[in-house]
**Q** 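Structure in structure tokens, see below.
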Protein chains: 2
Amino acid sequence: MTRNTTRTTSFDVAALAGVSQSAVSRAFTPGSSIAEETRQKVLEAAKKLNYVPNSIASSLTTKRTNIVALILGNLGNPFYVHVLHTFSQRLQEQGRQVLIFTVDPGAESDEAILHLLKYQVDGVILTAAQLSTRMTSICHDRGIPIVLFNRYIPGSDASGVRCDNAGGGRLIAEAFLAAGARSFLMITGDPKGTTSQDRARGFVERLLEEGVRRSDIAEIEGSSSYEGAYSAVLRHFGDKNRTRPEAIFGINDIMAMGAMDALRFRLGLKIPEDLMLAGFDDIPEGRRAPYQLTTVRQPINQMVDEALDMLHLDEPSLPIERGLDHPIAGRLIWRGTIPVPPAYQWPAGTTREAEPNAE
Amino acid sequence: MTRNTTRTTSFDVAALAGVSQSAVSRAFTPGSSIAEETRQKVLEAAKKLNYVPNSIASSLTTKRTNIVALILGNLGNPFYVHVLHTFSQRLQEQGRQVLIFTVDPGAESDEAILHLLKYQVDGVILTAAQLSTRMTSICHDRGIPIVLFNRYIPGSDASGVRCDNAGGGRLIAEAFLAAGARSFLMITGDPKGTTSQDRARGFVERLLEEGVRRSDIAEIEGSSSYEGAYSAVLRHFGDKNRTRPEAIFGINDIMAMGAMDALRFRLGLKIPEDLMLAGFDDIPEGRRAPYQLTTVRQPINQMVDEALDMLHLDEPSLPIERGLDHPIAGRLIWRGTIPVPPAYQWPAGTTREAEPNAE
DNA sequence: GTGAAAGCGCTAACAG
DNA sequence: CTGTTAGCGCTTTCAC
């Protein structure tokens with residue numbers, strides 16, 4: 001059997017229902033003035049013919065595709081998988097769909113933007129990738145709002161929502177200090193990404209405030225991945241005359257996990273006995289028994305909701321929000337990779353999660 | 001600033017370039033007959049206006065949207081994240097994009113199908129979800145090819161590509177037997193999913209062939225997730241008068257990992273000393289130091305390529321492939337969760353991966 | 001409340 | 001090679 005060439009259109013339905021084509025259109029447009037009786041006739045005919053309105057065609061006139069583009073840079077990090085999933089679910093609930101654009105981690109998404117313009121998407125969410133200000137204005141000029149998820153582009157007027165990354169970095173610093181650490185190693189991600197920069201900055205700032213010497217804060221690059229952090233740690237500790245830090249801050253959980261495995265399985269260190277460790281994100285993987293990672297939880301649902309709000313998908317006539325930067329506070333989740341100091345006063349905004357762990 | 005209402009169309013470009021509108025269309029259509037000189041004039045004008053052809057509009061006439069729908073049931077399993085990523089990359093290379101539809105794991109995707117029909121996608125890939133035969137024919141009738149990824153629907157004429165799941169189950173059985181195991185536990189996933197069924201079936205068949213008694217093969221349900229397997233194992237072993245099996249087969253890696261953590265961290269068992277274990281998929285997470293999971297590798301790149309081939313995206317006039325079932329053999333990857341029997345003859349199709357592990 | 005008719009932005013014959 | 005002219009399937013005035 002070869003493929004059907006002529007698809008069933010609203011005209012076919014109209015003919016079967018004995019009404020005009022515009023009646024069919026109205027039957028499928030909520031809130032349009034149509035008699036309930038005609039509506040039923042149309043719906044019945046439509047069902048008989050398996051008719052589904054062609055939203056591609058309708059978007060030509062309405063200028064709405066109900067498609068939101070999501071630019072993703074790093075699906076190797078489970079955090080962004082979670083982000084994708086949350087966006088997809090929320091949008092589906094609203095009758096919209098996600099069009100995926102994957103770019104190399106840390107790469108410019110300019111090309112992706114060019115492609116998504118062709119699809120006339122209603123909005124774009126950008127995460128884990130860079131964006132030129134030129135592309136931002138091209139989108140804005142065409143009336144396509146773009147919101148940055150967990151990053152900002154300095155000098156750009158794109159709006160964004162993000163975790164308070166610097167604040168989160170400070171929370172980790174405080175936890176380490178409370179547990180008695182005085183020398184540190186940071187494993188950073190994409191050096192061009194503001195997320196990594198901010199977390200590191202907040203972390204360092206807080207340490208310096210407490211009198212830690214700058215020379216006691218080392219830094220290595222873990223390329224935002226498990227493998228990157230794993231090998232970066234091995235490289236760093238391979239240098240024998242380097243003194244071992246007392247605490248390691250993985251800028252995100254997946255790197256903290258990579259570092260942790262390198263420390264335990266290759267360097268034979270015990271955590272938190274020999275060395276304490278923390279991450280950032282609170283991905284489900286970090287909660288698992290082998291890791292029990294102390295971390296900062298990103299309020300992902302709230303962040304997604306706010307990002308969607310910023311898009312004004314339901315009121316396209318509203319002006320595009322520009323230059324908004326909406327930080328949302330994270331929450332320290334205390335698990336097993338930082339020893340609890342005796343008589344420790346849990347600060348506000350801290351959750352203590354003691355997992356059942358019989359080992 | 002309020003949004004731009006009038007977008008730049010091919011007419012604007014035509015006017016600026018001093019040519020007809022159809023010339024603009026030709027300039028952007030590869031292989032159409034147009035003088036190189038006019039082409040350049042048009043491209044130049046287009047660049048000045050930041051013009052990008054509206055592919056929504058063009059799809060109205062060409063009947064091609066260059067959008068492929070991907071129905072995903074379970075992003076909690078990293079295997080499917082990898083699948084998504086691979087599809088997205090391949091399709092982007094071809095100038096196409098992926099439209100995501102997430103459904104509850106194991107749920108019917110009928111509603112998703114109804115939605116994707118509206119978008120006139122060029123094809124649909126369905127994975128980790130169920131599909132009624134009725135929906136299959138609705139798609140086929142409209143000329144939309146649908147290929148099942150790693151599953152098949154009995155009685156449906158949808159084509160699919162999958163790993164040889166039964167064969168993979170047999171490979172695991174053989175490895176266990178070679179290592180001397182005689183009593184077994186399977187942790188299965190979605191009971192309605194053919195993937196889980198086939199792996200279990202192949203596994204059991206092979207064991208029975210070797211004279212294992214059916215009563216020595218237990219089975220519990222792990223709902224295809226880490227957490228599901230983790231708690232299923234705790235529940236099963238909580239019953240003290242149950243004898244401990246010598247080998248556990250997690251129908252997929254993520255469940256094997258959950259089981260492994262429950263066994264080690266909650267039940268205090270050593271793997272492979274006290275108990276051997278294997279998974280299926282070969283997700284990167286299973287290769288990590290804490291797991292070193294012996295498993296069957298799914299040839300994901302090959303599977304994605306074949307699935308895309310079946311869609312005939314480049315030759316839409318070809319008839320839709322029906323009822324094709326394309327199994328591709330997996331490969332046993334021997335790591336640390338099954339002890340290597342002395343003087344073991346590595347069968348063909350086996351890869352031995354000894355990870356550097358200093359512990 | 002309903003039908004007729006004019007587009008939305010583009011492609012695809014069709015003449016020239 | 002290029003311009004003209006119909007549509008693609010739908011929404012949206014505009015009369016009735």
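The sequence lines fix the lettering, A, B, ..., with proteins before strands; numbering per chain opens at 1.
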**Q** Compute the ring centroids of B:F28 and B:Y51, then answer whether they are less than 6.0 Å apart.
**A** yes
**Q** Mind running side-chain contact (heavy atoms from CB on, under 4.5 Å) on B:I328 and B:R162 for me, showing each step along the way?
**A** CA-CA 6 Å; B:I328 302 177; B:R162 57 184 178 89; over 6 Å; no
**Q** Does the side chain of B:T38 get closer than 4.0 angstrom to OP1 or OP2 of D:dT2 through an N or O atom?
**A** yes
**Q** Near DNA chain C, which residues from residues 39-50 of chain A have a heavy atom under 4.0 Å away?
**A** none
**Q** Is there side-chain contact between A:Q97 and A:N66, with heavy atoms separated by less than 4.5 Å?
**A** no
**Q** Give the rounded distance in Å between these two atoms: CG of B:N66 and P of C:dC10.
**A** 15 Å
**Q** I'd like to know whether B:L313 forms a side-chain contact (heavy atoms from CB on, under 4.5 Å) with B:R64, so could you lay out the CA-CA distance, the side-chain angles of the two residues, the decisive distance to 0.1 Å, and finally the verdict.
**A** CA-CA 9 Å; B:L313 258 17; B:R64 304 298 284 170; 4.2 Å; yes
**Q** The test is salt bridge (charged side-chain N to carboxylate O under 4.0 Å, His left out); show your working for A:K47 and A:E44 and say whether it passes.
**A** CA-CA 5 Å; A:K47 174 163 269 177; A:E44 202 175 306; over 6 Å; no
**Q** Report the distance from atom CD1 of B:I56 to atom C1' of C:dG9, rounded to the nearest whole Å.
**A** 11 Å
**Q** To the nearest angstrom, how far is B:K118 atom NZ from D:dG9 atom C1'?
**A** 15 Å
**Q** Indicate for each nucleotide in nucleotides 11-16 of chain D, in 5' to 3' sequence, whether protein heavy atoms under 4.0 Å reach the base (B), only the sugar-phosphate (S), or nothing (-).
**A** BBB---
**Q** Can A:K48 and A:D12 be said to form a salt bridge (charged side-chain N to carboxylate O under 4.0 Å, His left out), step by step?
**A** CA-CA 11 Å; A:K48 262 192 204 122; A:D12 303 326; over 6 Å; no
**Q** In whole angstroms, how far is the C1' atom of C:dC10 from the OH atom of A:Y119?
**A** 15 Å
**Q** Report the C-alpha distance between A:N150 and A:T195 in whole Å, list the side-chain angles of each, state the deciding distance to 0.1 Å, and finish with yes or no for side-chain hydrogen bond (donor to acceptor under 3.5 Å, both in side chains).
**A** CA-CA 7 Å; A:N150 228 354; A:T195 309; 4.7 Å; no
**Q** How many angstroms lie between OG in A:S137 and CG in B:N50, if you round to the nearest 0.5 Å?
**A** 8.0 Å
**Q** Counting just side-chain N and O atoms, does B:S20 come under 4.0 Å of either OP1 or OP2 of D:dG3?
**A** yes
**Q** Do B:D314 and B:R96 meet the salt-bridge criterion of a basic N to acidic O distance under 4.0 Å?
**A** yes
**Q** Let me spell it out: for each of B:E36 and B:L60, pick the nucleotide of DNA chain D with the closest heavy atom. Which residue's pick is nearer the 5' end?
**A** B:E36
**Q** For C:dT11, does OP1 or OP2 lie under 4.0 Å from any side-chain N or O of B:K63?
**A** no
